[in-house]
**Student:** 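Questions regarding the structure given below will be posed in turn.
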Amino acid sequence: KGRERLDKYRDVLIKYGYGTMPVWLTETGWANCYVDEQTQAQYIVRNAILYDEFLLDYGIEGQYFTYELQNSNITSDNPTTQAYENSLGLYTNDFTPKPAAGAVKTFNTLTAGTTLTDIEQTKYGLFYQKSAYVATYSQSGQTVYAVWAESEFDMKINLPDTQITVYDMQGNVIEENVQGGVKRITA
């Protein structure tokens, strides 16, 4: 849905002669009142990658801003609104980092100075209703792969036949100095 909405906004920009205008996506995120904190972290990074794909597809510049740094502490007559607004942060009210803070830091650190050059989608599951993704970020000989699936899925990805390091979303090393080639991972 999000990509469809971005494409519609892009169509409006083109219609009025602003087709090369940079697109900034602001106040985007996931409230962990609807999903657990780990899922919130996954969705925020996935959103950033899929936004990069949008920029790549149209050959335009842009920025992506996660909303918000810290959970709000608002009161509302509507309990749903209150729960939503008070759970969007990368950090809790007392600035305890949520998994999303580590995931955003890891993503930004590993992809700093790189550009998304490709994103590959693989369908799987009964009737192929789920997807797994490999996003490739490259710049000046540095390549970073971001890999995820919509549910646990063993997948094979082709990596350059060089030494690689595999990290989890929090930046912890899972495997170090591993020879590339075809890797089987659980995403």
Side-chain angles (χ1 to χ4, degrees), residues 1-12 23-58 62-111 116 119-135 137 144-155 166-172 174 185-187:
K1 278 186 167 181
R3 175 57 192 258
E4 291 171 9
R5 188 174 302 156
L6 282 173
D7 289 336
K8 287 179 183 179
Y9 293 148
R10 173 82 174 137
D11 291 344
V12 171
V23 177
W24 286 29
L25 190 59
T26 62
E27 291 198 27
T28 184
W30 284 90
N32 68 278
C33 65
Y34 300 121
V35 297
D36 61 55
E37 289 183 357
Q38 186 65 29
T39 303
Q40 177 192 33
Q42 293 167 352
Y43 286 178
I44 287 172
V45 172
R46 290 176 191 179
N47 270 358
I49 294 168
L50 294 173
Y51 176 67
D52 285 345
E53 179 188 32
F54 167 78
L55 297 176
L56 176 68
D57 287 350
Y58 288 110
Q63 295 289 322
Y64 177 90
F65 296 90
T66 300
Y67 181 80
E68 67 187 322
L69 180 62
Q70 177 188 22
N71 285 347
S72 295
N73 194 15
I74 66 162
T75 56
S76 171
D77 293 337
N78 183 330
T80 303
T81 299
Q82 183 170 322
Y84 177 80
E85 289 293 335
N86 292 342
S87 67
L88 283 162
L90 301 177
Y91 294 84
T92 63
N93 288 328
D94 66 0
F95 278 103
T96 301
K98 292 163 48 176
V104 168
K105 177 183 177 187
T106 298
F107 175 72
N108 288 341
T109 300
L110 294 177
T111 61
L116 180 70
I119 188 163
E120 186 178 324
Q121 180 182 16
T122 303
K123 295 284 194 177
Y124 67 95
L126 185 63
F127 305 114
Y128 300 99
Q129 78 280 16
K130 298 194 180 272
S131 295
Y133 299 85
V134 178
Y137 286 81
V144 175
Y145 300 95
V147 180
W148 78 93
E150 293 174 353
S151 63
E152 192 166 305
F153 174 64
D154 283 338
M155 62 190 290
V166 179
Y167 299 90
D168 67 11
M169 270 194 347
Q170 298 302 315
N172 301 309
I174 296 172
I185 63 167
T186 299

**Student:** Using 0.5 Å steps for rounding, measure from the OH atom of Tyr43 to the CD atom of Gln38.
**Tutor:**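 Interatomic distance, Tyr43 OH to Gln38 CD, rounded to 0.5 Å: 11.5 Å.
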
**Student:** Hey, could you give me the CZ/CZ distance between Phe54 and Arg5, rounded to the nearest 0.5 Å?
**Tutor:**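 One finds 12.5 Å between CZ of Phe54 and CZ of Arg5.
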
**Student:** Side-chain contact test, heavy atoms from C-beta onward, threshold under 4.5 Å: evaluate it for Tyr64 versus Asp52 and give yes or no.
**Tutor:**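 Sidechains of Asp52 and Tyr64: no contact.
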
**Student:** Is there a donor-acceptor pair closer than 3.5 Å between any side-chain N or O of Asp168 and the backbone N or O of Gly171?
**Tutor:**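 Side chain of Asp168 to backbone of Gly171: a pair is present.
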
**Student:** Report the distance from atom CG of Leu56 to atom CD1 of Ile119, rounding to the nearest 0.5 Å.
**Tutor:**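 The CG atom of Leu56 sits 9.0 Å away from the CD1 atom of Ile119.
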
**Student:** Determine whether Val104 and Ile44 make a side-chain contact, defined as any pair of heavy atoms from C-beta on separated by less than 4.5 Å.
**Tutor:**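 Counting from C-beta outward, Val104 and Ile44 do come under 4.5 Å.
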
**Student:** Could you label the plane-to-plane angle of the Trp148 and Tyr133 rings as parallel, tilted or perpendicular, counting under 30° as parallel and over 60° as perpendicular?
**Tutor:**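 Judged by the thresholds at 30° and 60°, the geometry between Trp148 and Tyr133 is parallel.
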
**Student:** Does any part of the side chain of Tyr34, heavy atoms only, come nearer than 4.5 Å to the side chain of Thr39, both counted from C-beta?
**Tutor:**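 Not touching, per the 4.5 Å side-chain cut-off.
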
**Student:** Could you pull out the closest heavy-atom pair between Pro99 and Glu37, with the gap in Å?
**Tutor:**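 In this case the closest contact between Pro99 and Glu37 is CD-OE1, 3.4 Å.
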
**Student:** State the OG1-CG distance between Thr66 and Leu90, to the nearest 0.5 angstrom.
**Tutor:**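 Those atoms lie 6.0 Å apart.
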
**Student:** Check whether any side-chain heavy atom of Met169 sits under 4.5 Å from a side-chain heavy atom of Thr106, and report yes or no.
**Tutor:**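 Side chain of Met169 against side chain of Thr106, heavy atoms only: no contact under 4.5 Å found.
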
**Student:** Determine, for Asp57 against Arg10, whether the closest basic-nitrogen to carboxylate-oxygen distance falls under 4.0 angstrom.
**Tutor:**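 Salt bridge flag = no for Arg10 with Asp57.
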
**Student:** When you measure from the side chain of Glu27 to the backbone of Tyr67, do you find a donor-acceptor pair of N or O atoms at a distance under 3.5 Å?
**Tutor:**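 No, the answer is negative, given that no donor and acceptor are paired below the 3.5 Å cut-off.
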
**Student:** Can you label the angle between the Tyr91 ring and the Phe95 ring as parallel, tilted or perpendicular, going by 30° and 60°?
**Tutor:**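 Tilted: the ring planes of Tyr91 and Phe95 meet at 30° to 60°.
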
**Student:** Regarding Asp94 and Thr92, is there a side-chain donor-to-acceptor distance under 3.5 Å anywhere?
**Tutor:**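 Yes, a side-chain donor-acceptor pair sits under 3.5 Å.
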
**Student:** Could you check whether Ser72 and Glu85, counting side-chain N and O atoms only, form a donor-acceptor pair closer than 3.5 Å?
**Tutor:**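 Short answer, no.
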
**Student:** Can you confirm whether Ile49 sits close enough to Tyr137 that some side-chain heavy atom of one is under 4.5 Å from a side-chain heavy atom of the other?
**Tutor:**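 A side-chain contact exists here, since the closest heavy-atom pair is under 4.5 Å.
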
